[in-house]
Amino acid sequence: MNQLAEEKEVVYRQLCLSDKQHYRLADGLVEFLDYLKRQQIPFTIATASGLNNLKFFFENLDLGKWFNIEQVVYDNGLIPSKPEPDIYI
């Protein structure tokens with residue numbers, strides 16, 4: 001990721017943290033993820049976000065309760081990004 005793009009992401013992360021009322025998991029998602037985990041239904045995350053944002057989401061949304069960061073598919077620069085569907089396949 002180039003420096004300008006990372007600077008934009010830093011600003012984005014700061015904005016997220018400054019608005020705790022709106023920066024949260026969607027209503028009902030915690031219950032849904034808990035259900036999937038209890039039922040032992042496999043699931044993970046596929047995201048076009050880079051590693052720095054992924055780590056940010058894990059730290060600030062407590063995603064480690066449901067997801068193993070090592071199993072998340074993210075933009076590591078090796079998989080074609082949007083609009084290509086590769087990351088989700």
Side-chain angles (χ1 to χ4, degrees):
M1 178 180 295
N2 68 45
Q3 184 175 347
L4 185 58
E6 180 55 27
E7 288 176 20
K8 175 191 74 92
E9 294 304 318
V10 167
V11 170
Y12 165 74
R13 293 188 294 262
Q14 290 170 342
L15 287 171
C16 289
L17 292 177
S18 71
D19 187 4
K20 290 288 190 177
Q21 178 183 353
H22 293 101
Y23 179 69
R24 58 185 176 75
L25 297 175
D27 291 342
L29 183 57
V30 168
E31 294 80 8
F32 179 66
L33 295 174
D34 286 343
Y35 171 80
L36 292 175
K37 192 168 185 170
R38 275 193 317 273
Q39 299 300 313
Q40 299 180 337
I41 298 170
F43 61 100
T44 193
I45 298 171
T47 178
S49 292
L51 184 58
N52 288 338
N53 278 356
L54 182 62
K55 289 178 180 179
F56 173 80
F57 298 138
F58 264 76
E59 290 169 11
N60 292 284
L61 295 173
D62 206 16
L63 297 180
K65 287 181 179 178
W66 306 283
F67 302 97
N68 177 344
I69 197 168
E70 300 296 323
Q71 295 176 342
V72 172
V73 180
Y74 66 95
D75 182 1
N76 61 3
L78 300 176
I79 300 172
S81 61
K82 294 176 184 176
E84 300 301 321
D86 299 43
I87 202 163
Y88 304 104
I89 297 175

- Message: By the ring-ring contact (aromatic ring centres under 6.0 Å, His included) test, which pairs, at least two apart or in different chains, include something from residues 64-89?
- Response: Phe43-Phe67
- Item | Separation between NZ of Lys20 and CG of Asn60, rounded to the nearest 0.5 Å | 5.0 Å
- Task: List the atom of Leu4, the atom of Asn2, and the distance in Å for their closest heavy-atom pair.
- Result: N-OD1, 3.1 Å
- Task: Let me see the working for Leu15 and Tyr12 under side-chain contact (heavy atoms from CB on, under 4.5 Å), right down to the final yes or no.
- Result: CA-CA 5 Å; Leu15 287 171; Tyr12 165 74; 5.7 Å; no
- Query: If you round to the nearest 0.5 Å, how far is CG of Asp34 from NZ of Lys37?
  - Reply: 8.0 Å
- Query: To the nearest 0.5 Å, what is the distance between CD1 (Ile87) and CG (Asp75)?
  - Reply: 6.0 Å
- Message: For the CG atom of Leu29 and the CG atom of Leu36, what is their distance to the nearest 0.5 Å?
- Response: 9.0 Å
- Message: Looking at Glu6 and Arg13, is any side-chain nitrogen of the basic one under 4.0 Å from a carboxylate oxygen of the acidic one?
- Response: yes
- Might you confirm whether atom OH of Tyr23 has over 12 heavy atoms from other residues, nucleotides or ligands at distances under 6.0 Å? yes
- Indicate, with yes or no, if Val73 and Ile41 share a hydrophobic cluster defined by side-chain heavy-atom contacts under 4.5 Å among Ile, Leu, Val, Met, Phe, Trp and Tyr. no
- Find out if a path of hydrophobic residues (ILVMFWY) with successive side-chain heavy-atom gaps under 4.5 Å connects Leu33 to Val72. yes
- side-chain contact (heavy atoms from CB on, under 4.5 Å) between Ile79 and Glu84, intermediate numbers included: CA-CA 9 Å; Ile79 300 172; Glu84 300 301 321; over 6 Å; no
- Item | Hydrophobic cluster identity match, Leu17 and Val11, side-chain contacts under 4.5 Å | no
- Message: Would you say Phe56 ends up clustered with Ile45 if hydrophobic residues are merged whenever their side chains have heavy atoms under 4.5 Å apart, either directly or through other cluster members?
- Response: yes
- Query: Out of curiosity, Arg24 CZ to His22 NE2, how far, rounded to the nearest 0.5 Å?
  - Reply: 7.5 Å
- Message: Let me check something: do Leu63 and Val30 share a hydrophobic cluster, defined by ILVMFWY side-chain heavy atoms less than 4.5 Å apart, either directly or through other members?
- Response: yes
- Note on the structure: Separation between CG (Asn68) and OG1 (Thr44), nearest 0.5 Å, reads 7.5 Å
